Amino acid sequence: MDHLIIVNKKCPFDEAVKPCLVNFGGTHIKLEKTAAIFLQRMFECARSEGIRLKLFSGHRSPEYQQTLWQQSVNELIESGMERGQAEKTAERSLAKPYFSEHHTGLACDICTPECDDTQDDFDKTPQGKWLMKNAARFGFILRYPRGKEAVTGYIFEPWHYRFVGIKNAEYITAHSLTLEEYAECLAQKEERK
Ligand SMILES: [Zn+2]
């Protein structure tokens, strides 16, 4: 499977792509096979340094994404928003079905061990700090960095990491790029050849 595959608000997931999914480390959460191996390595290395990480979401089917999307929009409507506004607001941090990177099995939502959900201040925790410093060595990037909403379409998500392979991750991290910008760089290089 192409580990640089892009799925975002403009590029829906192609269902012809069939990631080879495995259960991650004794949990019910599924990930693409190579991503699972490297995530396991990363979790073990963190643990050896006294940092316990927890995966709370990996692969999601379009059907499941639909459920999450519906829930999120309904909650906003219940809090008093009208539907159009609720959908717009929900979409800043949640993808509509077929537009989620989680369909690839390469996206990992990570939290602290006592939690089981997104943490807005995850980057301030020892776990979040450890990941920002070390994830690239295991082939993962922080997929939605701060200040890149115009490029990625998403607000800063300190919990969402994406497997792209070590070489790519190290380049992307060292140059503070997003996956979209990196793909653009590669395409330009290709054109110059
Ligand atoms: Zn995520």
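It should be emphasised that the depicted structure is a prediction, and the values quoted were computed from it without experimental measurement. Values below: all heavy atoms of this structure, side chains included; hydrogens, waters and symmetry mates excluded.
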[X] [atom1] to [Y] [atom2] distance, which is reported to the nearest 0.5 Å:
| X | Y | atom1 | atom2 | result |
| --- | --- | --- | --- | --- |
| Ile29 | Asp109 | CD1 | CG | 9.0 Å |
| Leu39 | Leu53 | CG | CG | 8.0 Å |
| Leu68 | Ser57 | CG | OG | 7.5 Å |
| Thr27 | Lys54 | OG1 | NZ | 10.5 Å |
| Leu55 | Phe43 | CG | CZ | 5.5 Å |
| Ile5 | Arg162 | CD1 | CZ | 7.0 Å |

Review point. For Ser61, which residues count as a side chain to side chain donor-acceptor pair (under 3.5 Å) partner, sequence neighbours excluded?
Key: Glu63
Practice item. Applying side chain to side chain donor-acceptor pair (under 3.5 Å), name anything that partners Asn134, two or more places apart in sequence or on another chain. Key: Arg137
Review point. Can Ile37 be reached from Leu21 by stepping across I, L, V, M, F, W or Y side chains whose heavy atoms are under 4.5 Å apart?
Key: no
**Study point:** Connected via hydrophobic side-chain network under 4.5 Å: Ile166 and Leu31
**Key:** yes
Review point. With ILVMFWY side chains joined below 4.5 Å, transitively, what does Ile6's cluster contain besides itself?
Key: Leu4, Ile141, Val164, Tyr171, Ile172, Leu177, Leu179, Tyr182, Leu186
Going by salt bridge (Lys or Arg N to Asp or Glu O under 4.0 Å), name the pairs with one or both residues in [range], residues two or more places apart or in two chains.
| range | result |
| --- | --- |
| residues 165-185 | Arg143-Glu180, Lys148-Glu181 |
| residues 23-47 | none |
| residues 91-100 | Arg92-Glu149 |

Only distances under 3.5 Å count here; give the side-chain donor-acceptor pairs of residues 80-90 to other protein atoms, sequence neighbours excluded, each with its distance to 0.1 Å.
from	atom 1	to	atom 2	distance (Å)
Thr89	OG1	Gln85	O	2.8

Which atoms form the tightest heavy-atom contact between [X] and [Y], and what is the distance?
| X | Y | value |
| --- | --- | --- |
| Val22 | Ala36 | CG2-CB, 3.5 Å |
| Pro62 | Pro97 | O-CB, 3.5 Å |
| Pro12 | Val7 | C-CG1, 4.3 Å |
| Thr125 | Gly128 | OG1-N, 3.0 Å |
| Arg60 | Ser100 | NH1-OG, 4.1 Å |
| Cys11 | Phe99 | C-CD2, 4.3 Å |

Review point. Is there side-chain contact between Tyr98 and Glu15, with heavy atoms separated by less than 4.5 Å?
Key: yes
Practice item. State, yes or no, whether a side-chain contact exists between Thr104 and Pro19 at a heavy-atom distance under 4.5 Å. Key: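 No - every pair of side-chain heavy atoms lies 4.5 Å or more apart.
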Exercise for review: Decide side chain to side chain contact (heavy atoms under 4.5 Å, CB included) for Arg146 and Asp123; before the verdict, give the C-alpha distance in whole Å, the side-chain angles of both, and the deciding distance to 0.1 Å.
Suggested key: CA-CA 11 Å; Arg146 203 178 250 121; Asp123 57 317; 3.4 Å; yes
Check your understanding: What pairs of residues pass the ring pair (Phe, Tyr, Trp, His ring centres under 6.0 Å) test when at least one of them lies in residues 147-167, not counting sequence neighbours?
Key -> His3-Phe163, Phe38-Phe163, His102-His160, Phe140-Phe163, Tyr144-Tyr154, Tyr144-His160
Point to revise | Sequence neighbours excluded, every pair satisfying ring pair (Phe, Tyr, Trp, His ring centres under 6.0 Å) that has a member inside residues 53-72 | key: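 Pairs touching residues 53-72 that pass the test: none.
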I'd like to know if the side chain of [X] reaches the main chain of [Y], judged simply by a donor and an acceptor atom lying under 3.5 Å from each other, with no hydrogens or angles considered.
| X | Y | value |
| --- | --- | --- |
| Thr173 | Ala169 | yes |
| Asn23 | Gly26 | no |
| Gln127 | Arg52 | yes |

Exercise for review: I would like to know whether Glu49 and Cys45 meet side chain to side chain contact (heavy atoms under 4.5 Å, CB included); could you show each step before the answer?
Suggested key: CA-CA 7 Å; Glu49 295 176 22; Cys45 176; 3.7 Å; yes
**Study point:** Listed partners of Glu190 passing salt bridge (charged side-chain N to carboxylate O under 4.0 Å, His left out), at least two apart
**Key:**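 Only Lys193 meet the salt bridge (charged side-chain N to carboxylate O under 4.0 Å, His left out) criterion with Glu190.
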Review point. What residues, two or more places apart in sequence or in another chain, satisfy side-chain contact (heavy atoms from CB on, under 4.5 Å) together with Thr67?
Key: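 Checked Thr67 against side-chain contact (heavy atoms from CB on, under 4.5 Å); matches are Gln71.
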Without placing hydrogens or testing angles, list every side-chain donor-acceptor pair under 3.5 Å for residues 111-118, not counting sequence neighbours.
from	atom 1	to	atom 2	distance (Å)
Thr112	OG1	Glu114	OE2	3.0
Thr112	OG1	Gln119	NE2	2.9

